[in-house]
Protein chains: 2
Amino acid sequence: MAAPSADAERQRDKDRTRADILDVATREFADKGYTGARVDEIAERTSTTKRMIYYYFGGKEQLYIAVLERAYLAIRALEAELDVEHLEPEDAIRRLAELTFDHHEAHPDFIRLVSIENIHRAEHIARSEVLAGLANPALDCLTQILERGRAAGRFRTDVDPLDVHIAISSFCVFRLANRHTFAAIFGRDMLDPARREHYRRMLGDMLIDYLTS
Amino acid sequence: MAAPSADAERQRDKDRTRADILDVATREFADKGYTGARVDEIAERTSTTKRMIYYYFGGKEQLYIAVLERAYLAIRALEAELDVEHLEPEDAIRRLAELTFDHHEAHPDFIRLVSIENIHRAEHIARSEVLAGLANPALDCLTQILERGRAAGRFRTDVDPLDVHIAISSFCVFRLANRHTFAAIFGRDMLDPARREHYRRMLGDMLIDYLTS
DNA sequence: TCCGATGTACGATCTAGTTAGTTAACACAA
DNA sequence: TTGTGTTAACTAACTAGATCGTACATCGGA
């Protein structure tokens with residue numbers, strides 16, 4: 001192995017610091033919202049100082065956008081790995097729905113960021129060059145599955161991929177995004193592990209019942 | 001008509017002022033979130049002063065809780081009017097789903113308040129004596145419909161009313177709560193009037209397909 | 001005179017962002 | 001090798017403005 005150049009080493013240090021800041025910032029923004037989040041607070045929990053956050057990112061808003069970008073890129077990367085070509089259309093739909101179900105459950109911070117961003121009318125996403133034109137692998141995948149199901153005469157012909165995506169997302173997102181008011185009002189924790197499998201199957205059943213009706 | 005007593009008149013004035021403040025506060029909180037909302041801003045748009053907001057409500061948090069209480073009571077009142085006893089179970093389900101669909105669409109501020117409250121982990125709802133133990137007419141109604149459908153052998157027997165409520169709410173809430181990020185990423189406005197009927201029917205179809213499968 | 005209702009102005013605190021300066025690594029000429 | 005200038009990386013302390021809440025005075029009806 002060649003000895004790392006000093007430049008490369010410095011670059012890695014920088015990247016580490018940036019990633020460290022983004023980790024802490026993600027938690028803070030997801031926790032308190034954009035307005036509620038405090039730059040001082042983020043700085044304190046980082047291995048660096050507030051001045052450096054401004055040095056690296058420019059300001060609170062750019063930091064927040066960087067947090068959003070990283071979070072979206074992560075789920076897109078996951079979706080890109082989806083391989084359902086070999087599955088029957090019904091199973092492929094279930095697989096896709098379960099991927100969303102599992103990802104959202106495993107990344108509550110991401111869901112919170114999305115909620116927060118919606119409160120702000122997606123103005124920061126709109127301002128992000130990275131996110132504005134981000135391809136959507138899951139949607140292409142969904143389109144293919146529906147096409148196969150239709151071709152086999154098993155799926156109804158009047159469904160739009162984006163609408164199926166809405167059906168999947170709404171269920172998976174609601175379970176996380178609204179769990180607190182739901183629990184406060186109905187006394188049920190939608191994230192109760194004991195009901196997890198029930199909800200996972202219910203989502204798949206609903207989709208298949210609808211698509212094959 | 002008896003001449004109104006001076007006391008009664010003063011009471012009405014007070015109520016009007018309170019309602020005025022709540023109207024403005026609802027818009028401000030729904031618009032900017034709890035942390036982003038400004039008491040000065042609310043006061044400015046009211047027919048009264050900041051001093052009076054504190055006099056009437058006590059503080060920013062209590063005002064916010066009062067806003068939440070009024071919003072929740074309104075939808076509960078609407079649900080209580082629901083009369084689906086005379087409908088076939090399938091139609092009753094559709095009717096109930098459409099009530100939620102229509103209400104949410106007509107009250108985007110309510111949906112935004114719910115999102116905001118979830119970001120705050122429902123801590124204010126928990127602190128409200130009014131909302132803590134609020135009965136839920138729609139859920140009772142839903143329970144009865146499912147019971148009738150089961151008794152008639154038309155609905156599957158393993159469905160929980162609260163789960164059906166989740167299915168309905170998730171779709172209706174997502175359409176409003178996530179419309180901005182959705183539009184930013186997929187370029188589709190889920191509130192486009194041209195697609196409204198499509199979504200309304202799709203929700204009903206999904207529910208019936210699932211319940212009767 | 002009493003007391004609830006209301007107006008005005010202020011203060012204590014918080015917070016995003018900046019100013020002014022330091023440190024450290026490096027390039028290069030003497 | 002050493003001195004010197006340059007630049008990126010970094011620090012600590014500060015500021016300007018915002019924001020919730022209040023102290024204090026006043027008004028008006030009973």
Side-chain angles (χ1 to χ4, degrees), chain A residues 3-22 24-68 116 120 123-124 127, chain B residues 3-22 24-68 116 120 123-124 127:
Chain A
S5 81
D7 272 359
E9 206 169 324
R10 257 199 309 280
Q11 187 59 41
R12 263 204 310 284
D13 275 357
K14 246 174 103 163
D15 289 349
R16 249 199 305 273
T17 305
R18 278 182 71 97
D20 178 27
I21 294 172
L22 284 174
V24 175
T26 298
R27 254 172 281 140
E28 174 78 3
F29 282 122
D31 195 41
K32 315 251 186 72
Y34 177 70
T35 318
R38 299 291 165 238
V39 179
D40 287 291
E41 192 77 14
I42 293 170
E44 223 167 68
R45 297 187 197 173
T46 313
S47 59
T48 181
T49 64
K50 182 164 71 149
R51 185 65 187 79
M52 288 316 292
I53 293 176
Y54 281 84
Y55 187 71
Y56 278 125
F57 294 94
K60 185 182 183 179
E61 184 175 8
Q62 286 116 303
L63 174 60
Y64 174 69
I65 290 173
V67 164
L68 276 182
I116 289 161
H120 291 275
E123 57 174 299
H124 307 100
R127 214 164 296 165
Chain B
S5 78
D7 271 0
E9 205 168 325
R10 257 199 307 279
Q11 186 59 42
R12 263 203 312 283
D13 275 356
K14 244 173 101 163
D15 288 349
R16 249 198 307 271
T17 305
R18 279 182 69 97
D20 178 28
I21 294 172
L22 283 175
V24 176
T26 298
R27 254 172 283 140
E28 174 79 2
F29 282 122
D31 196 41
K32 316 253 187 73
Y34 176 70
T35 318
R38 299 290 164 240
V39 179
D40 288 289
E41 191 78 11
I42 294 169
E44 224 168 65
R45 296 187 197 171
T46 314
S47 59
T48 182
T49 63
K50 184 166 68 154
R51 179 71 186 74
M52 291 313 294
I53 292 176
Y54 280 84
Y55 188 70
Y56 279 126
F57 293 94
K60 185 181 184 180
E61 185 174 10
Q62 285 116 305
L63 175 59
Y64 174 69
I65 289 173
V67 163
L68 275 182
I116 290 161
H120 291 276
E123 58 175 298
H124 306 100
R127 214 165 295 166

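Every chain is numbered from 1, with letters handed out A, B, ... down the list of sequences.
The aromatic rings of A:Tyr34 and A:His120 stand perpendicular to each other, their planes meeting at an angle above 60°, with 30° marking the opposite boundary.
Between the CG atom of B:Leu63 and the P atom of D:dC20 there is a distance of 11 Å, given to the nearest Å. Atom CZ of A:Phe29 is separated from atom C1' of C:dT15 by 13 Å (rounded to the nearest Å). C:dT8 atom P lies 14 Å from atom CG of B:Asp40, rounded to whole Å. For the pair A:Lys60 NZ and C:dG17 P, the computed distance is 8 Å after rounding to whole Å. One interatomic measurement links the two molecules: CD of B:Glu41 to P of D:dC20, which rounds to 10 Å at whole-angstrom precision. For the pair A:Arg16 CZ and D:dA9 P, the interatomic distance rounds to 15 Å; values are reported in whole Å. Taking atom OH of residue A:Tyr34 and atom P of nucleotide C:dT15, one finds them 14 Å apart after rounding to whole Å.
The side chain of B:Tyr55 lies closest to C:dG4, out of C:dG4, C:dT15, D:dT22.
B:His124 and B:Leu68 get closest at one heavy-atom pair: CB-CD1, 4.1 Å.
Proximity of A:Tyr56 to the phosphate of D:dC10: a side-chain N or O atom is located under 4.0 Å from OP1 or OP2. An OP1 or OP2 oxygen of C:dT6 is reached within less than 4.0 angstrom by no side-chain nitrogen or oxygen of B:Tyr54.
Looking at heavy-atom distances under 4.0 Å, B:Ala43 makes no contact with the nucleic acid at all.
Residues of residues 44-53 of chain B having a heavy atom closer than 4.0 Å to DNA chain D, listed by number: B:Lys50, B:Arg51.
Between B:Ile65 and B:Arg127 the shortest side-chain heavy-atom distance falls below 4.5 Å. By the 4.5 Å heavy-atom criterion applied to side chains, A:Glu28 and A:Tyr64 are not counted as neighbours. Residues B:Phe29 and B:Ile42 meet the side-chain proximity criterion, which asks for heavy atoms closer than 4.5 Å. B:Met52 is not listed as a side-chain neighbour of B:Arg18, based on a closest heavy-atom distance of 4.5 Å or more.
In this structure, the salt bridge (charged side-chain N to carboxylate O under 4.0 Å, His left out) partners of B:Asp40, at least two apart in sequence or on a different chain, are B:Lys50.
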